[in-house]
Amino acid sequence: MPKLKDIKKVLIIGSGGIVIGQAAEFDYSGSQALKAMREEGIQTILVNPNIATIQTSLKMADKVYLEPATPEVVAQIIRREKPDGILLGFGGQTGLNVGVQLDRMGVFKKEGVQVLGTSIDTIMKTEDRDLFKKAMEEAQVPVPKSKAVYSVEEALRIGKHIGYPVIVRTAYVLGGGGSGVAYNPEQLRDIAGRALPLSMEHQVLVEQYLEHWKEVEYEVMRDYQDNTITVAGLEN
């Protein structure tokens with residue numbers, strides 16, 4: 001795949017603090033991204049407040065900002081550094097959420113920053129539970145009965161309509177944070193009450209729980225020339 005010739009400087013968002021569901025693999029993957037950029041002669045700017053990482057070493061990035069990975073701070077860094085592109089997928093949920101918020105703020109368009117790798121549209125389709133469901137339906141992939149809700153009261157109505165057990169899936173949260181299975185209204189009230197505040201969009205999906213089913217998952221990478229490779233096959 002040929003290199004994009006107009007990309008001379010790239011900003012990478014790190015995952016920040018190590019938390020459950022967003023662990024050290026993002027330090028590793030971000031470090032590999034920085035090494036790949038350097039091998040291609042591309043200048044790199046890293047935003048990551050966690051000093052206890054490999055990638056925050058000056059041997060990895062050309063410039064490191066030990067600043068909070070928030071939309072407001074990253075926007076200021078973009079205005080100062082004028083990167084040609086930005087990589088969001090190496091910062092875990094932090095990077096993805098910040099990228100979506102920066103796009104909504106109009107920062108990328110105004111500053112002429114190209115989102116490299118996974119697009120904002122695709123991030124939203126995979127992180128917003130309702131948009132993901134619609135994407136699957138458009139692709140004629142069968143999905144369990146479900147509905148995205150924004151309050152505990154809505155969740156209880158949908159739980160009653162679908163029938164128990166149901167699984168609660170939190171939007172814009174990695175590693176299943178806040179999610180859980182409810183076998184009755186009391187459990188659903190408790191899980192939805194904990195999950196909703198964790199979501200950037202204050203959204204959860206209440207879905208029919210396919211108990212005792214097995215999910216076979218394939219992780220596939222694709223470039224912009226439609227070359228593909230299956231990285232892993234998993235059973236859940």
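Just so you know, these numbers use all the heavy atoms, side chains as well, and skip hydrogens, waters and symmetry mates.
The CG atom of Leu131 sits 9.5 Å away from the CD atom of Glu138 when rounded to the nearest 0.5 Å. Summarising the geometry, atom CD1 belonging to Ile45 is positioned 12.5 Å from atom CG belonging to Leu87; distances are rounded to the nearest 0.5 Å. For the atom pair Asn97 CG and Leu102 CG, the distance stands at 11.0 Å (nearest 0.5 Å). Distance OH/Tyr218 to CG/Leu234: 9.5 Å, rounded to 0.5 Å. Note: Ile77 CD1 to Lys63 NZ = 10.0 Å, rounded to the nearest 0.5 Å. Here the CD1 atom belonging to Ile42 is positioned 11.5 Å from the CG atom belonging to Leu34, to the nearest 0.5 angstrom.
Hydrophobic clustering of Ile, Leu, Val, Met, Phe, Trp and Tyr side chains at less than 4.5 Å, counting indirect connections, keeps Val115 apart from Ile7. At a threshold of 4.5 Å between side-chain heavy atoms, the hydrophobic network of Ile, Leu, Val, Met, Phe, Trp and Tyr places Ile86 and Val98 in one connected group. In the hydrophobic clustering of this structure, Val166 groups with Ile191; members are Ile, Leu, Val, Met, Phe, Trp, Tyr whose side-chain heavy atoms approach within less than 4.5 Å, directly or through other members. Linking ILVMFWY side-chain heavy atoms closer than 4.5 Å, directly or via other members, places Phe108 and Met105 in a single hydrophobic cluster. Hydrophobic cluster membership differs between Ile162 and Val181, with clusters built from Ile, Leu, Val, Met, Phe, Trp and Tyr side chains linked at under 4.5 angstrom.
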Using a 3.5 Å cut-off and no angle test, enumerate the donor-acceptor pairs between side-chain atoms of residues 67-74 and protein atoms at least two apart in sequence or in another chain.
from	atom 1	to	atom 2	distance (Å)
Thr70	OG1	Val73	N	3.4

Would you give me the side-chain donor-acceptor pairs under 3.5 Å for residues 147-159, sequence neighbours excluded?
from	atom 1	to	atom 2	distance (Å)
Tyr150	OH	Gln203	NE2	3.0
Ser151	OG	Glu154	N	3.1
Glu154	OE1	Tyr150	N	2.9

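Proximity of Tyr164 to Pro185: side-chain heavy atoms (C-beta onward) are separated by under 4.5 Å at one or more points. Within the 4.5 Å cutoff, no side-chain heavy atoms of Tyr28 are placed close to those of Ile54. Residues Arg38 and Asp62 are in side-chain contact: their nearest non-hydrogen atoms beyond the backbone lie under 4.5 Å apart. Under the 4.5 Å side-chain criterion, counting only non-hydrogen atoms from C-beta, Tyr172 is in contact with Val100. Under the 4.5 Å side-chain criterion, counting only non-hydrogen atoms from C-beta, Val113 is not in contact with Val107. At a threshold of 4.5 Å between non-hydrogen side-chain atoms, the residues Lys133 and Arg129 do not count as touching. Side-chain contact between Val64 and Asn48 is absent, with no heavy atoms from C-beta onward closer than 4.5 Å.
A 6.0 Å sphere centred on CD1 of Ile51 holds no more than 12 heavy atoms belonging to other residues, nucleotides or ligands. The local environment of NZ in Lys9 is crowded, with over 12 non-hydrogen atoms from other residues, nucleotides or ligands closer than 6.0 Å.
Pairing each heavy atom of Gln225 with each of Asp223, the nearest pair is N-OD1, 2.8 Å. Closest heavy-atom contact between Ser29 and Phe90: O-CD2, 3.5 Å. Across Ile78 and Pro83, no two heavy atoms sit closer than the pair O-CD, 3.5 Å.
Ser199 contributes a side-chain N or O that, together with a main-chain N or O of Ala171, makes up a donor-acceptor pair within less than 3.5 Å. Asp27 contributes a side-chain N or O that, together with a main-chain N or O of Gln55, makes up a donor-acceptor pair within less than 3.5 Å. Listed for the Lys59 side chain is no donor-acceptor partner under 3.5 Å among the backbone atoms of Thr56. In this structure, the side chain of Glu111 does not engage the main chain of Arg79 through any donor-acceptor pair within 3.5 Å.
Cluster partners of Leu210, using a side-chain heavy-atom cutoff of under 4.5 Å among ILVMFWY residues and allowing indirect links, are Trp213. Cluster note: Val141 groups with Phe132, Met136, Val143 through ILVMFWY side-chain heavy atoms spaced under 4.5 Å, whether in direct contact or through intervening members. Ile229 belongs to a hydrophobic cluster whose other members, connected by ILVMFWY side-chain contacts under 4.5 Å either directly or through intermediates, are Met221, Val231. In this structure, Val173 belongs to a hydrophobic cluster whose other members, linked by side-chain heavy atoms under 4.5 Å apart, are Leu198.
Within the structure, every pair that satisfies the salt bridge (Lys or Arg N to Asp or Glu O under 4.0 Å) test and touches residues 86-108, not counting sequence neighbours, is listed here: Arg104-Glu201.
For Arg80, the side chain to side chain contact (heavy atoms under 4.5 Å, CB included) criterion is met by Tyr65, not counting sequence neighbours. Listed by chain and residue number, Lys214 satisfy the salt bridge (Lys or Arg N to Asp or Glu O under 4.0 Å) test with Glu235 (two or more places apart in sequence, or in another chain). Considering only residues two or more places apart in sequence or on other chains, Ala195 meets the side chain to side chain contact (heavy atoms under 4.5 Å, CB included) condition with Val168, Thr170, Val204. For the side chain to side chain contact (heavy atoms under 4.5 Å, CB included) test, residues two or more places apart in sequence or in another chain that qualify with Asp190 are Arg194. The side chain to side chain contact (heavy atoms under 4.5 Å, CB included) check on Asp6 picks up Leu4, Gln114, with sequence neighbours excluded.
A side chain to side chain contact (heavy atoms under 4.5 Å, CB included) with Leu96 is found for one member of Gln101, Met200, Glu127 and no other, namely Glu127.
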Would you check, one step at a time, whether the test side chain to side chain contact (heavy atoms under 4.5 Å, CB included) holds for Thr118 with Leu88? CA-CA 8 Å; Thr118 307; Leu88 306 170; over 6 Å; no
